[in-house]
Asks: 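Here it is, the structure, as structure tokens.
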Number of protein chains: 2
Amino acid sequence: MYLYTEINISVNKASLYKGCLEPILLKLLKENGRMYGYEITQRVKELTAGELKITEGALYPLLHRLEAEGILEVEMENLGNRVRKYYSLTPTGKKEQAKAMIELEAFKNTLQLIFNPKLA
Amino acid sequence: MYLYTEINISVNKASLYKGCLEPILLKLLKENGRMYGYEITQRVKELTAGELKITEGALYPLLHRLEAEGILEVEMENLGNRVRKYYSLTPTGKKEQAKAMIELEAFKNTLQLIFNPKLA
DNA sequence: ATCAATACATAAGTAATTTAGGTATTTATT
DNA sequence: AATAAATACCTAAATTACTTATGTATTGAT
């Protein structure tokens with residue numbers, strides 16, 4: 001039986017963040033060397049003061065896909081009886097991360113052109 | 001028979017822009033008063049120097065949805081034998097536009113927190 | 001003891017697109 | 001004059017990136 005203690009009233013302004021999860025993940029791994037899934041969800045929540053909550057249903061499949069694509073590699077670590085999976089960027093992943101940052105810059109500039117045309 | 005003269009080699013960095021089309025549209029209509037579909041695709045291409053191309057398959061269904069939701073209203077105009085459909089914000093649409101801009105600001109700030117943590 | 005937090009996972013459903021067509025008129029090019 | 005390109009609308013199937021809703025199991029706090 002499940003008892004939910006936290007009621008999630010998050011609005012669905014979420015759609016703007018679509019497509020951002022992968023660059024966010026790559027950036028965090030670049031900064032931190034290696035991280036595990038749960039840690040990533042918590043770090044994003046901290047960094048954004050709760051504004052952005054990475055759902056596990058989005059994160060875990062992404063981690064698996066990027067591992068399959070050779071962008072991430074994984075190391076298992078045992079904590080007592082539990083397993084923790086640390087992910088880090090492969091050499092390919094580092095190139096991919098750099099590309100993602102360039103694309104993100106272009107994205108931000110493009111938004112600037114549309115939403116703040118005077119400053120451009 | 002169809003002969004394609006322009007070969008579209010657009011990469012699929014497109015995913016970052018997912019969820020941005022509606023705020024872009026609302027912003028353009030706020031700035032320009034009224035616009036028609038084809039004009040919107042061209043304006044965005046101009047504004048962004050070709051970086052962002054709004055596809056008609058995305059735009060027209062969105063215009064129809066927003067009209068059905070009472071966010072946009074439409075005026076038909078005849079050009080010779082052709083019809084042009086001008087869209088503009090309803091009063092509801094103006095409120096929606098303002099909300100979208102606030103959400104976009106929050107989005108940009110959140111990205112800042114993740115990608116430029118030092119400047120925040 | 002019980003609840004909350006930690007830590008992994010998958011699968012069905014949904015929304016915003018892309019891709020790939022389609023029709024028709026008007027303007028430019030050869 | 002004929003052809004191509006641009007203008008102007010449209011839709012529907014497929015894809016993508018998620019959300020929502022589950023599930024299991026361990027560990028730490030009250």
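Order of the sequence lines fixes the chain letters, A, B, ..., with proteins taken first and strands second; residue numbering starts at 1 for each chain. Quick note: numbers below take in every heavy atom, side chains included, and nothing from hydrogens, waters or symmetry partners. Just so it is clear, the model here is predicted, and its values are computed rather than measured.
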Asks: Got a sec: does the NZ of B:Lys30 have more than 12 other heavy atoms crowding it under 6.0 Å?
Replies: no

Asks: Are B:Met35 and B:Leu79 connected, step by step, through hydrophobic side chains (Ile, Leu, Val, Met, Phe, Trp, Tyr) whose heavy atoms are closer than 4.5 Å?
Replies: no

Asks: Indicate, with yes or no, if B:Leu28 and B:Val74 share a hydrophobic cluster defined by side-chain heavy-atom contacts under 4.5 Å among Ile, Leu, Val, Met, Phe, Trp and Tyr.
Replies: yes

Asks: Sort out for me which residue in A:Glu77, A:Glu39, A:Glu73 forms a side-chain hydrogen bond (donor to acceptor under 3.5 Å, both in side chains) with A:Arg34.
Replies: A:Glu77

Asks: With respect to the side chain of A:Lys85, which nucleotide from D:dA17, D:dT27, C:dC8 is positioned closest?
Replies: C:dC8

Asks: Please name the pair of heavy atoms, one in B:Leu59 and one in B:Gly37, separated by the smallest distance, quoted to 0.1 Å.
Replies: CD2-O, 3.3 Å

Asks: How long is the line joining CD1 of B:Ile40 and P of D:dT7, in whole Å?
Replies: 15 Å

Asks: To the nearest Å, how far apart are A:Arg43 CZ and C:dA7 C1'?
Replies: 16 Å

Asks: Round to a whole Å and report the spacing from CG of B:Leu63 to P of D:dA8.
Replies: 14 Å

Asks: What integer distance in Å separates A:Leu62:CG from D:dA17:P?
Replies: 9 Å

Asks: Considering only C:dA7, C:dT17, D:dA17, which nucleotide approaches the side chain of B:Leu21 most closely?
Replies: C:dT17

Asks: Would you kindly give the CE-to-C1' distance between A:Met76 and C:dC8, to the nearest whole Å?
Replies: 10 Å

Asks: Measure NZ/A:Lys18 against P/D:dT16 and give the value in whole Å, please.
Replies: 14 Å

Asks: By the 4.0 Å heavy-atom rule, please label B:Leu79 as base, sugar-phosphate, or nothing.
Replies: sugar-phosphate

Asks: For C:dT18, take OP1 and OP2 only and decide whether either is under 4.0 Å from a side-chain N or O of B:Thr55.
Replies: yes

Asks: Can you tell me if A:Tyr38 touches the phosphate of C:dC8, counting only side-chain N or O atoms and a distance under 4.0 Å to OP1 or OP2?
Replies: no

Asks: Can you measure A:Ile54 atom CD1 to D:dT19 atom C1' for me and round it to whole angstrom units?
Replies: 12 Å

Asks: Report the distance from atom CG of A:Leu25 to atom CD1 of A:Ile54, rounding to the nearest 0.5 Å.
Replies: 8.5 Å

Asks: Is A:Tyr36 near enough to C:dA7 that one of its side-chain N or O atoms lies under 4.0 angstrom from OP1 or OP2?
Replies: yes

Asks: Which comes earlier along DNA chain D counting from the 5' end, the contact point of A:Gly19 or that of A:Arg82, where each point is its nearest nucleotide?
Replies: A:Gly19

Asks: Would you list the protein and nucleotides 10-13 of chain C atom pairs, both N or O, that sit under 3.5 Å from each other?
Replies:
unit_1 : atom_1 : unit_2  : atom_2 : d
C:dT10 : OP2    : A:His64 : ND1    : 3.3

Asks: Enumerate the residue pairs fulfilling side-chain hydrogen bond (donor to acceptor under 3.5 Å, both in side chains) with a member in residues 85-94 of chain B, sequence neighbours excluded, ordered by first and then second residue.
Replies: B:Arg84-B:Tyr86

Asks: If you check the A:Arg84 side chain, which of C:dA7, D:dC18, D:dA8 turns out closest?
Replies: C:dA7

Asks: Could you tell me the separation between the CG atom of B:Leu16 and the P atom of C:dT17, rounded to a whole number of Å?
Replies: 13 Å

